[in-house]
Novice: 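The following block contains the structure, expressed as structure tokens.
In each ligand, atom 1 is the first atom listed, and ligand 1 is the first ligand listed.
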Amino acid sequence: METKQWFVDNPVNNLSCYPQIQEAAQLLRDGEVIGFPTETVYGLGADAMSNQAVEKIFLAKGRPSDNPLIVHIAMKEQLQTIVTEVPLMAEKLMDAFWPGPLTIILPKKDGLSEKVTAGLDTVGVRMPSHPVALALLKAADVPVAAPSANRSGRPSPTTARHVYDDLKGKIAGVIDGGTTGVGVESTVVDCTGDIPIILRPGGVTREQLEEVVGIVVMDESLKNEKITPKSPGMKYTHYAPDAPLVIVEGSKEFLQEIVNKEKQAGKKIGVLTTAENQSYYQADVVLACGERRDLSSVAQHLYDVLRRFNDYDIDAIYSESFTEKGIGQAIMNRLTKASGHRFLKE
Ligand code: AMP
Ligand code: MG
């Protein structure tokens, strides 16, 4: 299949009337899948009401069918076709964080493709804030199911090039809207119980959520890998670069010692650090991921850096670790998954 590329790099007013957006929206309505930018990462969208369309997402990504998809909407009125009720805490969170990087789990309504929810009786819903995403969703005029637009297991895409590299020939097209802003996926929060539960940390921090709805808890599985996650997708390996990744908790001297030992054993080694320490390390490849003093820049560049390591012939990657405060929680969650839970402590 030919994968079309549309460039909408310079957002203008009335984007949904743009011919590129109109063409992509028509393909969505026709049951095709389309890559598009959101403020978190690039999404791979399909009509959420159509089993056939949604099935194409799973095929293109190689995604396990028990991993449900997030439904994207442009207007709150669209909730009526997707969910049976919106509890007060969910309403408050929508008012505070939509459009934006927050996915809310609610009881699902019949009519939605059951492939979207992987058989669960709940559905995750989000209103993205990226102007191109909103324009596409408005023009398509259907709720759009969209996971990240990468092959399953690979780092999520933060540029249209990443999408093209992974899915060329497998999808109808991708809209290029430049590099995404947040860089990690949305926060997934379950609002079907008495207290909101974070199932996946992401672009909206726990601290921000608590300012709006009081106490918010983390799903137990986020701290203990032996507990089965409430969010089916959280059990899979994700975001992994080709070479094994190990997270080092300790000083930069400790990390360099590990690299030295590996080098003595004849290994080729990559180091994942930030701008502050880039010139300190001596290894085969040293890549900086934003600036440590601005963790949002680390989140923004994380997936691109994980992908860039694949351009080098290396045997292992050692990464610095980050504080779990604020957006650091999402960064460490993604790094931990990318490493398959491999840690070295000083
Ligand atoms: P992705 O689409 O790659 O951003 O992944 C979506 C994430 O949301 C996965 O971790 C899913 O397991 C999670 N998710 C989607 N829908 C639900 C739901 N109804 N209940 C719990 N988790 C969900
Ligand atoms: Mg994903």
Novice: As an exercise, identify every atom of ligand 1 less than 4.0 angstrom from a heavy atom of Asn67.
Specialist: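 Listed by number with element: 9 (C), 11 (C), 12 (O).
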Novice: Return yes if a side-chain donor-acceptor contact under 3.5 Å exists between Glu23 and Tyr18, otherwise no.
Specialist: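 Side chains of Glu23 and Tyr18: no pair found under 3.5 Å.
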Novice: For the 3.5 Å polar cut-off, considering only N or O atoms, please tell me whether Glu185 and ligand 1 meet it.
Specialist: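 No; the residue has no nitrogen or oxygen that sits under 3.5 Å from a nitrogen or oxygen of the ligand.
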Novice: Heavy atoms only, cut-off 4.0 Å: how does Thr122 contact ligand 1, side chain, backbone, both, or neither?
Specialist: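 For Thr122, the contact with ligand 1 is made by both the backbone and the side chain.
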Novice: Specify side chain, backbone, both or neither for Val123, according to which of its non-hydrogen atoms lie closer than 4.0 Å to ligand 1.
Specialist: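 Looking at Val123 and ligand 1, just backbone atoms fall under 4.0 Å.
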Novice: Does one side chain, of Ser50 or Gln52, offer a donor that lies under 3.5 Å from an acceptor on the other?
Specialist: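 Ser50 vs Gln52: no donor-acceptor pair found between side chains.
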Novice: For ligand 1, is there an atom lying under 4.0 Å from some heavy atom of Arg63?
Specialist: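 Contact check Arg63 vs ligand 1: positive.
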Novice: So which bit of Arg200 gets within less than 4.0 Å of ligand 1, heavy atoms only: side chain, backbone, both or neither?
Specialist: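 Side chain only.
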Novice: Within the 4.0 Å heavy-atom shell around Leu120, which atoms of ligand 1 are there?
Specialist: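 Near Leu120, meaning under 4.0 Å from one of its heavy atoms, ligand 1 has 18 (C), 19 (N), 20 (N).
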Novice: So does Ser148 have any N/O/S atom less than 2.8 Å away from the Mg ion (ligand 2)?
Specialist: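 Looking at Ser148, which is the residue asked about, there is an N, O or S atom under 2.8 Å from the Mg ion (ligand 2).
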Novice: State if Ile105 counts as touching ligand 1 under the rule of any non-hydrogen atom under 4.0 Å.
Specialist: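 Contact present.
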Novice: Cation-pi check for Phe58 against Lys56: NZ or CZ below 6.0 Å from the six-membered ring centre and within 45 degrees of the axis, yes or no?
Specialist: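 No, cation not above the ring by the 6.0 Å, 45° rule.
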Novice: Could you check if a side-chain atom of Leu28 sits within less than 4.5 angstrom of a side-chain atom of Leu136, using non-hydrogen atoms only?
Specialist: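 Result yes, sub-4.5 Å side-chain heavy-atom pair found.
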Novice: Is the NZ or CZ atom of Lys337 both under 6.0 Å from the centre of the six-membered ring of Tyr239 and within 45° of that ring's axis?
Specialist: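 No.
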Novice: For Ser251 and Glu346, test the side chains for any donor-to-acceptor distance below 3.5 angstrom and give the result as yes or no.
Specialist: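 Present: a donor and an acceptor within the cut-off.
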Novice: Under a 3.5 Å threshold, yes or no: a donor from one side chain and an acceptor from the other, between Arg334 and Ser156?
Specialist: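 Note: Arg334 and Ser156 side chains miss the donor-acceptor criterion.
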